[in-house]
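No hydrogens, no waters, no symmetry mates; every other heavy atom, side chains included, goes into these values. Chain A is the first sequence line, chain B the second, and so forth, proteins listed ahead of strands; every chain is numbered from 1.
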Amino acid sequence: MEETDLIKNLKEWFNFDRFRAGQKESIETILNGENTLAILPTGTGKSLIYEYCGYVTEGLVLIVSPLLSLMDNQVLQLNQAGEKRAAALNSMLNLEERRLIEKRLDYYKFLFVSPEMLQSKWLVQRLSRLKIALFVVDEAHCISQWGLDFRPDYLYLGKIREELNNPLTLALTATAPQEVIDDILKTLNLDPTDTAVYQSNPNRENIYYDFREIEDNDKDTELLQLINDFPNPGIIYFSSKVKAERICQLLRENTEQAVDTYHADRSIEDRKIIQRQFLNGELDIICATTAFGMGINKKNIRFIIHYHIPNSIEEYLQETGRAGRDGLQSIAVLLYSKSDAVFKFKKMKETQLNDNIITMNDKNESLEPWGLSDSDLAMLQVIKARHLSKEQAKSLINQRLEKRISKFVAMGQLATQNRCKREMMSIYFNQKNDPVQIWCCSFCQSDIQSLVEEMQLISQPKKIQINYEKKWDQVIKELFIL
DNA sequence: CGTATCATCATTAATGATGATACGGTGCTTTAAT
């Protein structure tokens with residue numbers, strides 16, 4: 001397709017005047033019939049790529065998505081844009097709705113499914129009889145990050161692709177170092193020599209990367225100071241739900257900010273409400289675990305604070321990348337303590353899978369969770385499915401462990417080494433380092449007073465919030481406890 | 001790993017000493033049949 005036509009369609013279908021970095025390149029390789037892996041920064045508009053290609057090519061666009069909420073969002077957005085031929089096939093549907101979609105699969109242009117749903121033989125068979133214009137794996141890093149760990153069905157996508165007659169494939173993600181790229185291609189059964197990989201540097205120009213080594217005892221005062229200095233809104237990431245709750249309480253008691261938590265123990269309704277409140281600017285700060293983030297499209301997040309060290313540089317960049325999507329100056333702070341790292345390292349090495357359990361899978365069909373973690377259960381399932389011998393199983397377990405540890409070590413080095421952080425991240429992702437930034441990182445500039453002032457200038461004046469919940473809590477305490 | 005939290009016990013009955021315990025996180029799916 002000619003350049004002018006590409007742009008004309010963009011205007012006509014999406015009402016944009018020009019492509020963002022990476023969009024056009026990816027669309028071109030796909031329309032050229034090449035399988036494509038596109039690694040594009042968050043907020044680039046990755047869904048536009050497959051929507052665009054869907055309109056050019058005849059047939060169904062089948063999108064594998066990791067989260068129900070993501071699917072829902074995408075379908076909603078498509079519907080709002082006037083596209084009625086979009087649906088998500090998942091467990092949120094009742095039987096009737098599901099039957100209806102299944103009966104008229106050929107009506108749809110965009111169909112969203114989870115990897116688990118594709119385990120249904122019947123569904124795959126039905127799909128294989130349709131013309132599939134494009135097979136899309138959204139958030140493709142999940143293959144590497146979650147596959148061996150806790151959603152093994154991600155590992156079968158290559159086989160599914162085969163059963164669907166190897167349709168043209170597009171994998172999308174924001175962060176993938178070389179080994180994750182290798183993982184994705186291998187798992188999806190894509191030939192590395194014959195797949196277009198479009199990659200860009202996941203560093204974000206308008207984020208200052210701040211790493212602070214700090215004693216556990218000093219974290220809370222440091223945090224309060226940061227919250228006091230930084231303009232809202234912001235996210236604080238924790239690696240524990242309990243800690244997220246506690247700090248949320250601390251912030252409610254010691255600041256005027258509207259704060260809430262987001263993690264897997266909150267109900268689905270609560271999560272929806274909190275997410276909406278945050279998007280609408282009714283909440284200033286979210287104390288979250290890694291559960292919060294994918295698909296959050298809020299432009300003006302000014303700061304991301306990591307209360308604990310993340311498990312990998314990918315994870316760190318995914319999470320910090322949620323700041324400053326409006327392009328304005330933002331900041332990411334990691335509060336690093338040695339004891340956190342030691343604790344995480346220890347946890348990481350723990351596996352309950354011993355010889356007895358590994359060999360037991362021959363005899364015992366039912367896999368009762370004898371106190372096994374989800375991650376070990378997933379591993380056991382893979383071992384079973386692949387009919388691995390004890391030695392092979394052990395080697396796979398070891399492989400998983402080493403993968404985790406090497407990622408974590410890289411993250412630890414990023415946090416502690418005296419070197420430009422942006423440069424280190426670029427090296428990790430095999431990317432050319434960007435030219436010097438005005439605000440780079442805590443190695444390059446340590447005095448950030450004027451950066452904070454700059455952020456305060458661009459931020460909206462803080463709304464006065466009345467935190468009813470907090471007030472009621474106090475009233476109730478005074479009434480009944482005194 | 002070291003430390004935060006909690007239960008217990010002791011003793012000028014409300015606090016403090018002591019010992020025991022705990023100590024990630026991510027989510028899909030529930031099939032009779034078309």
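Classified by interplanar angle (parallel below 30°, tilted 30° to 60°, perpendicular above 60°), the ring pair A:H306/A:Y316 is tilted. Ring pair A:F408/A:F345 is parallel by interplanar angle, where below 30° counts as parallel and above 60° as perpendicular.
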Practice item. Begin from the C-alpha positions of A:S442 and A:R212 and carry the test side-chain hydrogen bond (donor to acceptor under 3.5 Å, both in side chains) through to its verdict. Key: CA-CA 8 Å; A:S442 46; A:R212 306 183 182 194; over 6 Å; no
Point to revise | Residues A:S426, A:N203; criterion side-chain hydrogen bond (donor to acceptor under 3.5 Å, both in side chains); working and verdict | key: CA-CA 7 Å; A:S426 296; A:N203 292 351; 3.1 Å; yes
Exercise for review: With side-chain hydrogen bond (donor to acceptor under 3.5 Å, both in side chains) as the test, would you mind laying out the steps for A:S114 and A:N90 before giving the verdict?
Suggested key: CA-CA 7 Å; A:S114 64; A:N90 60 39; over 6 Å; no
Check your understanding: What's the verdict on side-chain hydrogen bond (donor to acceptor under 3.5 Å, both in side chains) for A:E83 and A:N79, showing C-alpha distance, side-chain angles and the deciding distance?
Key -> CA-CA 5 Å; A:E83 177 55 79; A:N79 286 344; over 6 Å; no
Exercise for review: Using the side chain to side chain contact (heavy atoms under 4.5 Å, CB included) rule, take A:I427 and A:N430 through it: C-alpha gap first, then chi angles, then the decisive distance, then the call.
Suggested key: CA-CA 5 Å; A:I427 291 170; A:N430 232 338; over 6 Å; no
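When only modelled atom types and interatomic distance are considered, A:H263 and A:T289 share no side-chain donor-acceptor pair under 3.5 Å. A donor-acceptor pair shorter than 3.5 Å can be found between the side chains of A:Y307 and A:D220.
With A:E314 as reference, A:K407 is the one residue of A:K407, A:H141, A:Q145 to meet the side-chain hydrogen bond (donor to acceptor under 3.5 Å, both in side chains) rule. A salt bridge (Lys or Arg N to Asp or Glu O under 4.0 Å) with A:D326 is found for exactly one of A:R302, A:K298, A:K299, namely A:R302. The side-chain contact (heavy atoms from CB on, under 4.5 Å) test with A:I132 singles out one residue from A:T169, A:L164, A:V61, A:N166, and that residue is A:L164.
With B:dT30, B:dC28, B:dT26 as the choices, the nucleotide that has an atom nearest any side-chain atom of A:D149 turns out to be B:dT26. The nucleotide whose nearest atom lies closest to any side-chain atom of A:F150 is, among B:dT30, B:dT26, B:dC28, B:dT26. For A:R271, the listed nucleotide lying nearest its side chain is B:dG27; candidates were B:dG27, B:dT26, B:dT34. Closest to the side chain of A:R98, out of B:dG24, B:dT31, B:dG27, is B:dT31. Checked against B:dC1, B:dG25, B:dA32, the side chain of A:L95 finds its nearest nucleotide in B:dA32. With distances taken from any side-chain atom of A:L67 to the nucleotides B:dG27, B:dT34, B:dT26, the minimum falls on B:dG27. Distances from the side chain of A:S114 to the nucleotides B:dT29, B:dG24, B:dC1 place B:dT29 closest. Closest to the side chain of A:W146, out of B:dC23, B:dT30, B:dT26, is B:dT26. Each of B:dC1, B:dT26, B:dC28 was ranked by its minimum atom distance to the side chain of A:V342; first place goes to B:dC1.
When the side-chain nitrogen and oxygen atoms of A:T289 are compared with OP1 and OP2 of B:dT26, one or more of them lie within a distance under 4.0 Å. Residue A:S91 places none of its side-chain N or O atoms closer than 4.0 Å to OP1 or OP2 of B:dC28.
A cation-pi arrangement, defined by a distance under 6.0 Å to the six-membered ring centre and an angle within 45 degrees of its axis, is present between A:K421 and A:F211.
For B:dA13, the base is syn relative to its sugar; the glycosidic angle is within 90° of 0. Because its glycosidic torsion is more than 90° from 0, B:dT12 is reported here as anti.
Using P as the reference atom, B:dT11 and B:dA7 are 22 Å apart when rounded to the nearest Å. Of the P atoms belonging to B:dA17 and B:dA13, the separation is 15 Å, rounded to the nearest Å. Between B:dG27 and B:dC6, the two P atoms lie 27 Å apart (nearest whole Å). Atom name C1', nucleotides B:dG24 and B:dA20: the rounded distance is 22 Å, in whole Å. B:dT12 sits 14 Å from B:dG16 when the C1' atoms are compared, rounded to a whole Å.
Across all strands, A:M117 comes closer than 4.0 Å only to sugar-phosphate atoms, never to a base (heavy-atom distances). Nucleic acid contact for A:L105: none, since no nucleic acid atom lies under 4.0 Å from a heavy atom of the residue. Counting non-hydrogen atoms under 4.0 angstrom, A:H263 reaches the backbone sugars and phosphates but no base.
In this structure, CG of A:D72 is placed 14 Å from C1' of B:dC28, rounded to the nearest angstrom. The CD1-P distance, from A:I309 to B:dG25, rounds to 17 Å in whole Å. When rounded to the nearest whole Å, the span between CG of A:D340 and C1' of B:dG24 equals 11 Å. Summarising the geometry, the separation between NZ on A:K347 and P on B:dG2 is reported as 17 Å, rounded to the nearest angstrom. As rounded to whole Å, 25 Å separates atom P of B:dT34 from atom OH of A:Y107. As rounded to whole Å, 15 Å separates atom C1' of B:dT34 from atom CD of A:E96. At whole-Å resolution of the value, CD in A:E315 and P in B:dT26 are 11 Å apart. With rounding to whole Å, A:R151 atom CZ is found 18 Å from B:dG25 atom P.
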Would you list the protein and nucleotides 3-7 of chain B atom pairs, both N or O, that sit under 3.5 Å from each other?
residue: B:dA4; atom: OP1; partner: A:N217; partner atom: OD1; Å: 2.8

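The shortest side-chain heavy-atom distance between A:E222 and A:Q225 does not fall under the 4.5 Å cut-off.
Lacking a ring centre under 5.5 Å from that of the base six-membered ring together with a plane angle below 30°, A:W122 does not count as stacked on B:dT31.
Map A:S120 and A:E116 each onto its nearest nucleotide of DNA chain B; the residue landing nearer the 5' end is A:E116.
Counting only Watson-Crick and G-U wobble pairs whose two key distances fall under 3.5 Å, DNA chain B forms stems of three or more stacked pairs at B:2-10 with B:15-23.
Sorted by residue number, the list of members of residues 397-407 of chain A with any non-hydrogen atom under 4.0 Å from DNA chain B is empty.
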